[in-house]
Amino acid sequence: MYDWANSVYSLVITSTIFPVYYNIVTKGVDGSDLVNFFGFEVVNTVLYSYSISFSFFVIALISPLLSGIADASGRKLGFMKFFAYLGSLSCIGLFFFDGSNLEFGILCSVFASIGYAGSIVFYNAYLPEIASEEEYDFLSARGFALGYIGSVILLVFNLLTIQFPEWFGFPEGSFSARLSFLITGIWWAAFSQIPFRFLPKNPFKKSIHKGLLSKGYKEIRSVLNQVKTRPVMSRFLASFFFYSMGVQTVMYLAASFGDKELGLPGDQLILTVLIIQFVAIGGSYLFAFVSGKFGNKISLMIMVLIWIGICGAAYYVYSVYEFYALAFVVGMVMGGIQSLSRSTYSKLIPEETTDHASYFSFYDVTEKLAIVLGTFTYGAIEQWTGSMRNSAVSLGIFFLVGLGFLVLVTIPKKSLTPKSI
């Protein structure tokens, strides 16, 4: 249910309405896409790419220490709540962004991103605590599927208010788009109350009230030493790092690509993302089924190969129907590779450990650094070459390197014992 709660942020804020709204309100009256941000002149889409990179860089810096503190003190749920509320309140703040206050809008989007990414660190760490290993793949897929369904429901409602504001008594103009940011923040905070109510608060009965920083540092250092001695885990994280650079960049910047390179109107861009969301529901379960038949490694390798094909095809996409077809393929592998990556990593964590947040902090930091480098590289290549098509093709290199590391990974077989929680 936390996937249901927070996935509206991913869809409404990062993938559809906000990027389109941002591009519109930051475009000059003369059609220029240059904006002034704290005295620096930069292309609006490049600024947006860099803001995403910055927010995930912050999380990459602080989440390991926070995870160590959470594991040492048993306060994982408390940290998850803090970041969830930070993110939801920042989404509400975007209601007041109208283009004239660019710095305020970027800061709100950065804090929303930090809230989302920060809460995910602690949320993912619950998977090995509430399920047995044979449940990991399908439970992870179910979470992503619920997230896609919930976010589509809210997105459809938001689109109705934008396309037909008179039905709801709303004024014409940007009000409905800004209202969608407000509703997203409320949805996120409200539905988060369900997992906050039922997730175990301190399952291993840890209680530390003094020296939290030093305890947290020792906790994360201990886990880091264990990760270094596990070649399979290190190789998987390396593979995950490189293919996530591609996956996450596509997720965050696909709408900007369609807007700038194809000149697609907002409604067609959002329809594209809806296609991705609906197909991703089936993709999550499809590749969970494939992993059950052939193993996680084979399933992941198939998806990475498909992603390489997507990057190459993006360079030659010029029509709306070609963009829709590519979106269909993206949706098929997007949900699958996210859910299966999470469950695969869960299988690599030692059964005897209770430091799940610390272990997952390395997984999440790997993903966040991948987003930082992926979105930064994407924006930099666009800045240098003047075309997002070159940026899209470059992502294929990341997938190739990720595939190389994935070949070296062997998923160990562990005993399947039910969890006590």
Side-chain angles (χ1 to χ4, degrees), residues 1-20 84 87-88 91 112-113 116-117 119-120 123-124 126-127 135-160 180-181 183-192 194-195 244 246-255 258 268-291 299-300 303 306-307 310 323-344 367 371:
M1 288 307 298
Y2 190 66
D3 269 303
W4 172 284
N6 75 0
S7 291
V8 295
Y9 163 80
S10 294
L11 186 56
V12 175
I13 305 298
T14 67
S15 300
T16 56
I17 297 178
F18 182 72
V20 174
S88 59
C91 289
S113 181
Y116 172 79
S119 65
I120 287 292
Y123 166 60
N124 284 342
Y126 271 108
L127 181 58
E135 298 173 311
Y136 288 174
D137 292 346
F138 276 96
L139 183 59
S140 183
R142 186 186 305 168
F144 275 100
L146 277 173
Y148 293 135
I149 294 170
S151 56
V152 164
I153 290 173
L154 184 60
L155 178 61
V156 169
F157 172 77
N158 287 334
L159 291 180
L160 288 174
S180 69
F181 310 146
I183 296 174
T184 296
I186 294 173
W187 174 293
W188 186 355
F191 281 108
S192 292
I194 298 174
S244 285
V247 173
Q248 299 296 331
T249 303
V250 170
M251 286 177 57
Y252 280 92
L253 299 173
Q268 291 184 345
L269 288 173
I270 292 172
L271 176 60
T272 303
V273 177
L274 280 175
I275 292 172
I276 292 174
Q277 298 297 306
F278 280 118
V279 177
I281 296 170
S284 297
Y285 286 109
L286 171 64
F287 285 100
F289 174 79
V290 172
S291 71
S299 186
L300 285 169
M303 286 185 283
I306 294 173
W307 274 107
I310 290 170
F323 195 55
Y324 287 161
L326 195 64
F328 182 91
V329 182
V330 167
M332 185 59 66
V333 289
M334 185 180 74
I337 203 165
Q338 288 182 289
S339 63
L340 202 60
S341 296
R342 178 168 66 183
S343 60
T344 300
E367 185 178 54
I371 296 172

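Residues satisfying the side-chain hydrogen bond (donor to acceptor under 3.5 Å, both in side chains) criterion with Ser151, sequence neighbours excluded, are absent altogether. Residues passing the side-chain hydrogen bond (donor to acceptor under 3.5 Å, both in side chains) test with Asp137 are Ser291, Asn296, Ser343, Lys347, sequence neighbours excluded. Applying the side-chain hydrogen bond (donor to acceptor under 3.5 Å, both in side chains) criterion to Ser7, with sequence neighbours excluded, gives no partner residue. With sequence neighbours left out, the ring pair (Phe, Tyr, Trp, His ring centres under 6.0 Å) criterion links Tyr123 to Tyr2. Listed by chain and number, the residues in a ring pair (Phe, Tyr, Trp, His ring centres under 6.0 Å) with Phe157 are Phe168 (sequence neighbours excluded).
The structure places OG of Ser140 at 7.5 Å from CG of Asp3, a figure rounded to the nearest 0.5 Å. Atom CG of residue Leu154 and atom CD1 of residue Ile186 lie 10.5 Å apart, to the nearest 0.5 angstrom. Note: Ile13 CD1 to Ser113 OG = 11.0 Å, rounded to the nearest 0.5 Å. Considering OG1 of Thr184 and CG of Leu11, their distance stands at 8.5 Å, rounded to 0.5 Å. Going from atom OH of Tyr126 over to atom CG of Leu139 covers 14.5 Å, rounded to the nearest 0.5 Å. Here the straight-line distance linking atom CG of Leu340 with atom OG1 of Thr344 works out to 4.0 Å at 0.5 Å rounding.
Contact detail for Ser10 and Tyr116: the closest heavy-atom pair is OG-OH, 3.0 Å. The heavy-atom pair separating Trp188 from Ser119 by the smallest distance is CZ2-OG, 4.4 Å. Closest approach of Gly185 to Ser88, counting heavy atoms only: O-CB, 3.2 Å. Across all non-hydrogen atoms, the minimal contact from Gly143 to Arg342 is CA-NH2, 4.5 Å.
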Could you give me the CA-CA distance, side-chain angles and deciding distance for Ile153 and Trp4, then say whether side-chain contact (heavy atoms from CB on, under 4.5 Å) is met?
CA-CA 10 Å; Ile153 290 173; Trp4 172 284; 3.8 Å; yes
For residues 324-338, which side-chain N or O atoms pair as donor and acceptor with protein atoms under 3.5 Å away, sequence neighbours left out?
from, atom 1, to, atom 2, distance (Å)
Gln338, OE1, Tyr148, OH, 3.1

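Between Tyr9 and Thr14, the closest side-chain pair of non-hydrogen atoms falls below 4.5 Å. In this structure, Ser339 and Phe138 have side chains that are not in contact, with every pair of non-hydrogen atoms separated by 4.5 Å or more. Within the 4.5 Å cutoff, side-chain heavy atoms of Val250 are placed close to those of Trp307. The shortest side-chain heavy-atom distance between Ser192 and Asn6 does not fall under the 4.5 Å cut-off. Taking the side chain as every heavy atom from C-beta outward, Leu155 and Ile17 approach each other to under 4.5 Å. Contact of the Val290 side chain with the Met303 side chain is not registered, since no non-hydrogen atoms from C-beta on lie closer than 4.5 Å.
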